[in-house]
Amino acid sequence: MPRPGRSPCGSRLRSKDGRPGSPDYHSRVPPVVRFAPSPTGFLHIGGVHTALFNWLYARHEGGEFRLRIENTDTSREVAEASEQIMESLRWLGLDWDGEVTYQLDRMERCKEEAERLVAEGKAYEDEGAIRIRMPDEGSTSWEDLVRGHIEVPSEKLEDLVAVRADGRPTYNFASPVEDWLDGITHVIRGEDHISNTPKQIRVLEALGAPLPEYAHLGNIYGPDGKKLSKRHGAVSVEEFRTAGYYAPALLNYLALLGWSYDDRTEIFSRDDLVRLFTLERVGASPAVFDYDKLNHLNGLYLRALSPEEYADALLAWLREQGYEWDEGLVKKAAPLVQEKIGTLGEFPAFAGFFFDRVAPDPALLDGSGPLLAEARSVLADLEPFDSERVEGSLRELAERQGLKPRQAFQPIRAAVTGSKISPGLFESIELLGREETLARLDAAAGGF
RNA sequence: GGCGCAUUCGUCUAGUGGCCUAGGACGCCGCCCUCUCACGGCGGUAGCACGGGUUCGAAUCCCGUAUGCGCCUCCA
């Protein structure tokens with residue numbers, strides 16, 4: 001498949017003396033990309049957005065998507081974080097190629113490379129640390145696949161600390177070294193790394209390593225305009241999962257942040273995304289995460305499921321969350337809520353009355369004792385006890401009492417479901433069954 | 001402060017000089033449907049940050065300003 005759009009011209013260095021830098025080695029397919037989170041907690045939504053774009057690029061181009069855990073900062077490492085990150089990626093279906101690598105495992109190699117640079121005169125020791133010389137003049141530039149030409153004057157680039165006095169390599173050294181070791185051809189990451197790029201290019205240059213292509217995505221911010229990250233208390237993939245979001249919907253939404261296919265299409269399956277994704281259509285500006293839109297998409301996805309798929313998804317979620325409700329009943333309740341709730345997480349509050357006795361707010365029942373008693377007697381002998389007949393008899397009851405349907409049904413709804421908001425009343429009554437329905441009507445009517 | 005990046009409805013975006021009196025979606029508002037809540041249908045609201053250029057013509061190109069963000073750590 002030919003690659004449309006931008007010419008595959010590579011990153012280049014340009015100095016004042018006009019000396020060209022390393023030519024790009026990687027304009028050929030297949031590309032190798034990576035996602036390199038640090039294991040400091042759950043995978044946050046900004047991180048997974050970056051992971052998704054890397055994954056999409058790799059899958060679209062038939063390349064490889066690698067996972068690298070950047071765990072050199074052991075002081076900030078959180079136990080289990082790596083496993084949690086992988087679990088989140090699995091949940092979203094972002095599969096990686098090859099073994100997961102850990103930055104810590106390659107500290108020695110990084111140190112050796114730094115020492116080599118010292119031996120070659122490209123770096124020097126400074127109070128126990130190793131610093132790499134940065135050019136004093138000229139500039140460093142590259143053709144960013146998302147932003148185009150970026151050029152940074154070298155004057156103020158301080159000599160980069162590659163290895164700390166305690167022997168640990170720094171991020172700006174270890175990261176490019178590992179990209180080189182892994183044969184990474186395209187570095188796709190957040191825009192907060194733009195300023196690091198010239199340093200990393202110079203590191204690679206000193207190492208004699210080929211330069212990857214760079215693509216800097218816009219960051220994702222919260223509705224308050226603050227950067228959406230775990231540091232700012234934002235949101236993790238785990239939280240979305242717990243809240244009952246459907247993975248394909250979340251993936252679809254994330255893809256729409258900074259990428260678009262055309263001026264109107266916005267529903268994309270995972271396969272659609274892989275087929276249609278190109279870096280060329282990725283935008284450079286930051287985006288605000290819109291929970292309303294995510295909810296809308298999630299509802300769309302959930303409603304589009306077949307009743308069986310929906311019930312399965314609901315059951316799986318309930319199990320994950322530790323609910324031990326009768327599965328047969330959940331399956332029967334599922335179709336009653338599918339059109340009504342936007343996330344699986346709303347189910348317990350919305351349909352929990354099927355599984356537990358309710359205690360309606362007395363205010364909702366105020367003065368309706370006689371009506372409830374009447375409803376009870378109408379339903380007591382109904383045969384068969386199905387929603388159609390329940391509806392028919394209750395409508396007759398309303399008419400007899402001279403009540404508008406909603407006036408008659410709201411107290412009954414409150415008595416039976418415990419709330420003024422519920423799935424369809426008649427279907428709910430049928431599912432609850434005669435005995436349970438009568439008991440709830442009695443309990444509610446008895447209060448007066 | 002220096003350097004860098006960004007800037008189209010409240011939000012996500014389409015738009016690469018004339019097809020734009022700027023399109024779609026979410027949200028919001030109204031109407032319809034209706035046993036509640038939703039769904040759905042119909043209609044509406046709202047935007048090219050500002051100022052200069054270039055051009056017959058600019059949301060689109062150039063310059064400046066403003067604002068936001070990032071980096072300037074022996075953090076990642």
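Below, chain A is the first sequence line, B the second, and so on; all start at residue 1. Note that the coordinates shown come from a computational prediction; the quantities given were computed from them, not determined experimentally. Below, all heavy atoms of this structure are taken into account, side chains as well, without hydrogens, waters or symmetry copies.
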Look at the side chain of A:Lys293 against the base of B:U13 and say whether a donor-acceptor pair falls under 3.5 Å; ignore hydrogens and angles.
no
Assigned partner base of B:C31, Watson-Crick or wobble definition, under 3.5 Å
B:G41
B:A76 phosphate, OP1 or OP2, under 4.0 Å from A:Arg189 side-chain N/O
no
For nucleotides B:U8 and B:C12, find the distance between their P atoms and express it as a whole number of Å.
8 Å
Expressed as a whole number of angstroms, how long is the span from A:Asn252:CG to B:A25:P?
15 Å
Reckon A:Tyr221 touches a base, only the sugar-phosphate, or nothing at all at heavy-atom distances under 4.0 Å?
sugar-phosphate
Taking 4.0 Å as the cut-off, does a side-chain nitrogen or oxygen of A:Arg264 come that near to OP1 or OP2 on B:C12?
no
Please measure how far the P atom in B:G44 lies from the corresponding atom in B:G24, and state the result in whole Å.
10 Å
Classify the nucleic acid contact of A:Leu256 as base, sugar-phosphate or nothing, counting any heavy atom under 4.0 Å across all strands shown.
sugar-phosphate
Atom C1', compared across B:C63 and B:G27: separation rounded to whole Å
38 Å
At under 4.0 Å between heavy atoms, what does A:Asp126 touch on the DNA or RNA strands: base, sugar-phosphate, or nothing?
base
A:Ser195 (side chain) and B:G70 (base): donor-acceptor pair under 3.5 Å:
yes
Please check the phosphate of B:C35 (OP1 and OP2 only) for any side-chain N or O of A:Arg395 closer than 4.0 Å.
yes
When the distance from CG of A:Asp290 to P of B:G24 is rounded to whole Å, what number comes out?
18 Å
Which part of the nucleic acid, if any, lies within reach of A:Ala165 when heavy atoms closer than 4.0 Å are counted: base, sugar-phosphate only, or nothing?
base
Complementary nucleotide for B:U55 - Watson-Crick or wobble, under 3.5 Å:
none
To the nearest angstrom, the CG-C1' distance between A:Asp73 and B:U73 comes to 12 Å
Are A:Ser285 and B:U7 close enough that a side-chain N or O sits under 4.0 Å from OP1 or OP2?
yes
Nucleotide B:G27, atom C1' - distance to CG of A:Asn298 in whole Å
17 Å
Grab the CZ-P distance between A:Phe350 and B:A38 for me, whole Å please.
9 Å
For B:U45 and B:G70, measure between their C1' atoms and round to the nearest Å.
36 Å
Could you tell me whether A:Gly258 contacts a base, only the sugar-phosphate backbone, or nothing, with contacts defined as non-hydrogen atoms closer than 4.0 Å?
sugar-phosphate
Let me know the distance between CD of A:Glu427 and P of B:A38, rounded to the nearest Å.
17 Å
Would you indicate, yes or no, if B:G70 has its OP1 or OP2 atom less than 4.0 angstrom from a side-chain nitrogen or oxygen of A:Arg147?
no
Both A:Val152 and A:Trp259 contact RNA chain B. Taking the nearest nucleotide for each, which residue is further toward the 5' end?
A:Val152
Which of parallel (below 30°), tilted (30 to 60°) and perpendicular (above 60°) describes A:Phe53 and A:His49?
tilted
Looking at A:Met134 and A:Leu160, what are the two nearest heavy atoms and their distance?
CE-CB, 3.6 Å
Identify whether the glycosidic angle of B:C39 places it syn (within 90° of 0) or anti.
syn
Which class fits the ring pair A:Phe35 and A:Phe65: parallel under 30°, tilted 30 to 60°, perpendicular over 60°?
parallel
Classify the nucleic acid contact of A:Glu158 as base, sugar-phosphate or nothing, counting any heavy atom under 4.0 Å across all strands shown.
sugar-phosphate
Please state how far atom OH in A:Tyr301 lies from atom P in B:A25, giving the value in whole angstrom units.
17 Å
Can you tell me if A:Arg164 touches the phosphate of B:C75, counting only side-chain N or O atoms and a distance under 4.0 Å to OP1 or OP2?
yes
Using a heavy-atom cut-off of under 4.0 Å over every strand shown, decide if A:Ala129 touches base, sugar-phosphate, or nothing.
base
So what does A:Lys199 touch, heavy atoms closer than 4.0 Å: a base, only the sugar-phosphate, or nothing?
sugar-phosphate
Take atom C1' in B:U13 and the same atom in B:A6, then report the distance between them in whole Å.
16 Å
What's the closest nucleotide to the side chain of A:Ile194 if the choices are B:U36, B:A76, B:G4?
B:G4
Using the P atom in both, what is the distance from B:A49 to B:A22, to the nearest Å?
15 Å
Ranking B:C26, B:G70, B:G40 by distance to the side chain of A:Asp192, first place goes to B:G70
Tell me, with the steps shown, if A:Trp55 and A:Phe277 meet ring-ring contact (aromatic ring centres under 6.0 Å, His included).
CA-CA 10 Å; A:Trp55 182 83; A:Phe277 182 86; 9.7 Å; no
Measure from the side chain of A:Pro153, starting at C-beta and using heavy atoms only, and say which of B:G4, B:A76, B:C26 lies closest.
B:G4
Could you identify the nucleotide paired to B:C20, looking across every strand shown and requiring Watson-Crick or G-U wobble geometry with both distances under 3.5 Å?
none
Using atom P of each nucleotide, how far apart are B:A14 and B:U54 to the nearest Å?
30 Å
So what does A:Glu191 touch, heavy atoms closer than 4.0 Å: a base, only the sugar-phosphate, or nothing?
sugar-phosphate
What is the ring orientation for A:Tyr253 with A:Phe289, classed by angle as parallel under 30°, tilted 30 to 60°, or perpendicular over 60°?
perpendicular
For A:Tyr310 together with A:Tyr246, are the ring centres under 6.0 Å from each other?
no
Pairing partner (Watson-Crick or G-U wobble, both distances under 3.5 angstrom) of B:A25:
B:U11
Winner on side-chain proximity to A:Arg303, out of B:G40, B:U11, B:A76, is B:G40
Looking at A:Arg109 and A:Glu178, is there a salt bridge between them, counting it only when a charged N and a carboxylate O are closer than 4.0 Å?
no
May I ask you to evaluate whether A:Thr72 reaches the phosphate of B:A76, defined as a side-chain N or O under 4.0 Å from OP1 or OP2?
yes
Rounded interatomic separation in angstrom, taking CZ from A:Phe409 and C1' from B:C37
16 Å
Which one is paired to B:G1, where only Watson-Crick or G-U wobble pairs with both distances under 3.5 angstrom count?
B:C72
Short question: side chain of A:Ser236, backbone of A:His44 - any donor-acceptor pair under 3.5 Å?
no
Paired to B:U67 by Watson-Crick or G-U wobble criteria (both distances under 3.5 Å) is B:A6
Out of B:G40, B:U13, B:C74, which nucleotide sits closest to the side chain of A:Ser260?
B:U13
What I want to find out is whether A:Glu391 reaches A:Arg395 closely enough, with some N-O distance under 4.0 Å, to be called a salt bridge.
yes
Return the 5'-most residue of the pair A:Tyr253, A:Val163 with respect to RNA chain B, ranking by each residue's nearest nucleotide.
A:Tyr253
Side chains of A:Trp180 and A:Asp182: do they bring a donor and an acceptor to under 3.5 Å?
no
Students often get this wrong, so: under 4.0 angstrom with heavy atoms, is A:His216 touching a base, only sugar-phosphate, or nothing?
nothing
Nearest-Å distance once atom C1' is located in both B:U55 and B:U65:
23 Å
At under 4.0 Å between heavy atoms, what does A:Asn172 touch on the DNA or RNA strands: base, sugar-phosphate, or nothing?
base
